[in-house]
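A, B, ... follow the sequence lines: proteins, then strands. Residue 1 opens every chain.
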There are 2 protein chains.
Amino acid sequence: MDQDTATLRRFNRTYTQRIGALDESFLGTGRPLGVTRLLFEIGYDGATVRELRDRLDLDSGYLTRLLRRLGDDGLVDVHPDPADRRRRVATLTPAGRNAWRDLDDRSEELARAIVGPLTTRQRERLTEALSTADLLVRAATVHLREVSPTDPVAREAVGRYFAELGRRFPRGFDPGEPDHAGTFLLATSDGEPVAFGGVQHLSDETGEIKRMWVADDWRGAGLGARMLRELEALAARLGHTRVVLDTNGTLLEAIAMYDRAGYTAIERYNDNPYAEHWFAKELTAPR
Amino acid sequence: MDQDTATLRRFNRTYTQRIGALDESFLGTGRPLGVTRLLFEIGYDGATVRELRDRLDLDSGYLTRLLRRLGDDGLVDVHPDPADRRRRVATLTPAGRNAWRDLDDRSEELARAIVGPLTTRQRERLTEALSTADLLVRAATVHLREVSPTDPVAREAVGRYFAELGRRFPRGFDPGEPDHAGTFLLATSDGEPVAFGGVQHLSDETGEIKRMWVADDWRGAGLGARMLRELEALAARLGHTRVVLDTNGTLLEAIAMYDRAGYTAIERYNDNPYAEHWFAKELTAPR
DNA sequence: TCCATTCTCTGACCATAGTCAGAGGATCGG
DNA sequence: CCGATCCTCTGACTATGGTCAGAGAATGGA
């Protein structure tokens with residue numbers, strides 16, 4: 001662990017010193033950094049002022065002024081959102097699009113300047129290392145929280161889960177009546193749901209882990225194992241001493257993961273028509 | 001190449017969003033960022049004002065004011081350097097050391113928060129990826145320049161080169177009379193010499209590559225191959241159409257590198273008592 | 001219909017970061 | 001010992017980034 005933080009901190013030093021320059025592509029455009037970042041964030045498709053405030057975490061007064069500055073320079077139009085006339089939408093003018101492309105070019109150029117001196121082989125190694133680091137850093141900083149099953153993002157996660165079951169089960173999958181019983185955890189990254197799962201009360205002793213799902217492009221990042229640990233911890237907090245779960249035979253990776261996590265196969269404990277395997281694990285007090 | 005810059009840029013986004021927080025450990029100490037960075041940079045051992053100005057690239061007036069602020073807070077003492085009384089030296093007071101340790105702790109804590117949610121296996125992968133990326137990013141951003149052989153940093157590089165030959169040759173190595181003929185390239189990283197080499201005029205046609213050296217901890221980063229390429233380009237600029245070099249049998253990696261770079265073995269062309277192998281390469285016009 | 005809330009904007013304000021010109025003492029080379 | 005240069009400091013100034021309180025229009029729920 002000390003080794004790991006030392007490497008991270010060392011890398012951080014190298015990185016800010018040497019590649020921090022990538023962000024300085026935002027400088028030297030004759031416009032201050034804040035304004036430029038805003039321009040870049042508005043992007044080709046435009047965005048509501050509200051979104052911008054959230055994404056860049058800016059004070060509303062401050063943002064208004066930044067937007068006006070971009071407006072005065074003829075780069076951005078701000079007009080009311082027809083759907084909700086309290087809201088305003090910022091879009092790039094043609095000149096704004098040019099400025100945006102210019103920023104994008106600068107950034108690309110700087111990236112080339114960094115990658116350029118390397119041999120092909122080294123570039124490949126760097127790209128591979130950065131992809132790995134990217135995935136893991138994103139996995140490590142995923143935001144996990146308890147949600148109500150009616151939370152819109154949670155609904156979307158459940159929808160994707162059911163859709164996947166539909167694709168993977170030979171005879172499809174019918175979710176039946178919506179069932180909102182239980183306590184749920186949602187993992188998000190940049191606001192997108194990336195993992196989901198819940199614990200349902202079966203008895204005082206036993207909780208059932210259900211609807212565990214990890215987004216396609218996040219598999220292999222250990223997110224499933226982490227979600228499982230968190231769900232077990234949640235079950236323990238809810239007073240259970242044992243968790244059970246069921247799964248279908250087509251979900252091979254899931255079965256392998258339960259196995260690694262210390263689950264043991266048990267007899268059928270429910271009448272779920274899609275279930276083919278049942279597992280249980282005793283919860284011991286953490287540490 | 002596009003793939004590589006795309007990965008770099010994507011990583012940069014992830015990184016600034018998620019780990020940029022590491023630098024924010026410098027915030028929330030009740031002191032502004034600039035002052036805090038300065039405090040950290042002074043470090044346990046103190047530093048001259050001159051050094052600080054160079055390292056942080058600050059205006060001298062601005063730096064004076066930052067230092068006074070730290071002085072007023074009782075964290076730093078500034079007193080004239082006895083060796084050169086124009087210069088002033090900044091050192092941390094006991095309170096300053098506490099503040100410094102506090103910063104270090106915060107930074108460590110943040111690194112732990114990032115690395116913490118990962119499994120041991122993932123941490124290992126991340127650490128490995130970041131080490132690789134660190135090495136390659138540093139290699140890619142090494143600063144290469146032509147130097148006079150009497151340049152102090154160049155002298156140091158040559159000293160280390162001779163020291164290594166002394167260690168590696170079975171009967172040691174005697175550099176003999178200092179010989180400053182030739183044109184030299186020096187690669188530095190953070191001001192430290194990391195690679196060195198020169199081209200000496202043998203005839204109008206032929207240049208000799210000599211004193212090529214790469215620092216221990218930079219081997220395997222492709223720096224040798226890059227230096228060799230740069231020296232060949234230098235020889236071409238100097239008007240040569242062919243380069244030769246000699247080497248000792250104990251320098252196995254070097255020999256392998258010359259081989260990969262397209263050098264072919266030739267007959268002894270000099271009376272260097274330490275040389276056991278001689279190589280040559282025809283220079284074709286670049287591109 | 002009314003009240004609470006949401007969204008954006010305005011004005012007033014402040015700290016931080018940074019630039020520039022020049023003063024004055026210390027040092028160095030000839 | 002003189003002039004050039006180096007190093008630091010001072011004063012005057014500017015831009016950037018940001019906070020806060022509140023106004024006013026639009027919306028949504030009871």
Side-chain angles (χ1 to χ4, degrees), chain A residues 16 20 23-42 46-73 75-91 150 152, chain B residues 16 20-21 23-42 46-73 75-91 103 150 152:
Chain A
T16 45
D23 291 331
E24 280 152 34
S25 63
F26 284 160
L27 295 171
T29 53
R31 253 180 287 280
L33 194 61
V35 184
T36 314
R37 255 201 290 257
L38 176 57
L39 175 69
F40 199 76
E41 195 66 36
I42 292 173
T48 67
V49 173
R50 186 72 249 240
E51 277 171 359
L52 293 171
R53 215 164 58 226
D54 286 346
R55 290 215 293 255
L56 295 172
D57 193 32
L58 295 175
D59 173 83
S60 73
Y62 186 32
L63 178 54
T64 300
R65 258 176 291 265
L66 291 179
L67 278 173
R68 194 165 47 235
R69 173 139 181 200
L70 285 171
D72 289 350
D73 289 359
L75 301 178
V76 164
D77 271 339
V78 184
H79 38 77
D81 183 347
D84 179 343
R85 308 220 356 264
R86 285 171 305 184
R87 253 202 293 257
R88 315 239 299 154
V89 180
T91 51
T150 56
Chain B
T16 45
D23 291 332
E24 279 152 32
S25 63
F26 284 161
L27 293 171
T29 54
R31 253 179 287 280
L33 193 61
V35 183
T36 313
R37 256 201 289 257
L38 176 58
L39 175 70
F40 199 76
E41 196 65 35
I42 292 171
T48 68
V49 173
R50 187 72 248 242
E51 278 170 357
L52 294 171
R53 215 162 59 225
D54 286 346
R55 291 214 293 255
L56 295 172
D57 192 33
L58 294 175
D59 173 84
S60 72
Y62 184 31
L63 178 54
T64 300
R65 258 176 291 264
L66 291 179
L67 278 172
R68 192 165 46 235
R69 174 142 180 199
L70 285 172
D72 290 349
D73 290 358
L75 302 179
V76 164
D77 271 339
V78 184
H79 38 78
D81 182 346
D84 179 344
R85 309 222 352 268
R86 288 171 303 183
R87 253 202 293 257
R88 315 240 297 157
V89 179
T91 51
L103 284 175
T150 55

message: So A/I42 and A/L67, do their side chains get closer than 4.5 Å, heavy atoms only?
response: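 Counting from C-beta outward, A/L67 and A/I42 do come under 4.5 Å.
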query: Can you find a pair of side-chain heavy atoms, one from A/H79 and one from A/V89, that are under 4.5 Å apart?
result: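 In contact.
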- prompt: Given the rule in the side chain to side chain contact (heavy atoms under 4.5 Å, CB included) test, do B/L52 and B/L58 qualify, once you have shown the distances and angles that lead to the verdict?
  reply: CA-CA 8 Å; B/L52 294 171; B/L58 294 175; over 6 Å; no
query: Is any side-chain N or O of B/R86 under 3.5 Å from a base N or O of D/dT8, one able to act as donor and the other as acceptor?
result: no
query: Between the side-chain atoms of A/S60 and the base atoms of C/dC9, is any donor-acceptor pair under 3.5 Å?
result: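 Between C/dC9 and A/S60, which were checked side chain against base, a qualifying N/O pair under 3.5 Å is present.
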Let me know the distance between [atom1] of [X] and [atom2] of [N], rounded to the nearest Å.
X	N	atom1	atom2	answer
B/L66	D/dT10	CG	C1'	15 Å
B/L33	D/dG17	CG	C1'	13 Å
B/R68	D/dT8	CZ	C1'	11 Å
A/D57	D/dG17	CG	C1'	13 Å
A/E51	C/dC7	CD	C1'	14 Å
B/L63	D/dT10	CG	C1'	14 Å
A/Y62	D/dG22	OH	P	23 Å
A/D59	D/dG22	CG	C1'	13 Å

Taking only the side-chain heavy atoms of [X] (C-beta and beyond), determine which of [options] contains the nearest atom.
X	options	result
B/V49	D/dT19, D/dT8, D/dT27	D/dT8
A/R87	C/dT27, D/dT8, C/dC7	C/dC7
B/R65	C/dA12, C/dC9, C/dC20	C/dC20
A/R85	D/dT27, D/dT16, D/dG17	D/dT27
A/R88	C/dC9, D/dT27, D/dC9	C/dC9
B/D84	D/dC9, C/dT27, D/dT16	C/dT27
A/R50	C/dA17, C/dT8, D/dG17	C/dT8

message: When you measure from the side-chain N and O atoms of B/R69 to the phosphate of C/dT16, is any distance below 4.0 Å, counting only OP1 and OP2?
response: yes
field: Nearest-nucleotide comparison on DNA chain D, the residue closer to the 5′ end among A/A83 and A/L58
entry: A/L58
A/G61 or A/P82, whichever maps to the more 5' nucleotide of DNA chain D: A/G61
- prompt: Should A/D73 and A/R31 be marked as a side chain to side chain contact (heavy atoms under 4.5 Å, CB included) after you check the CA-CA gap, both sets of side-chain angles, and the distance that decides it?
  reply: CA-CA 10 Å; A/D73 289 359; A/R31 253 180 287 280; 3.2 Å; yes
- request: Taking only Lys NZ, Arg NE, NH1 and NH2, and the carboxylate oxygens of Asp or Glu, determine whether A/D72 and A/R68 approach each other closer than 4.0 Å.
  value: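 No salt bridge links A/D72 with A/R68.
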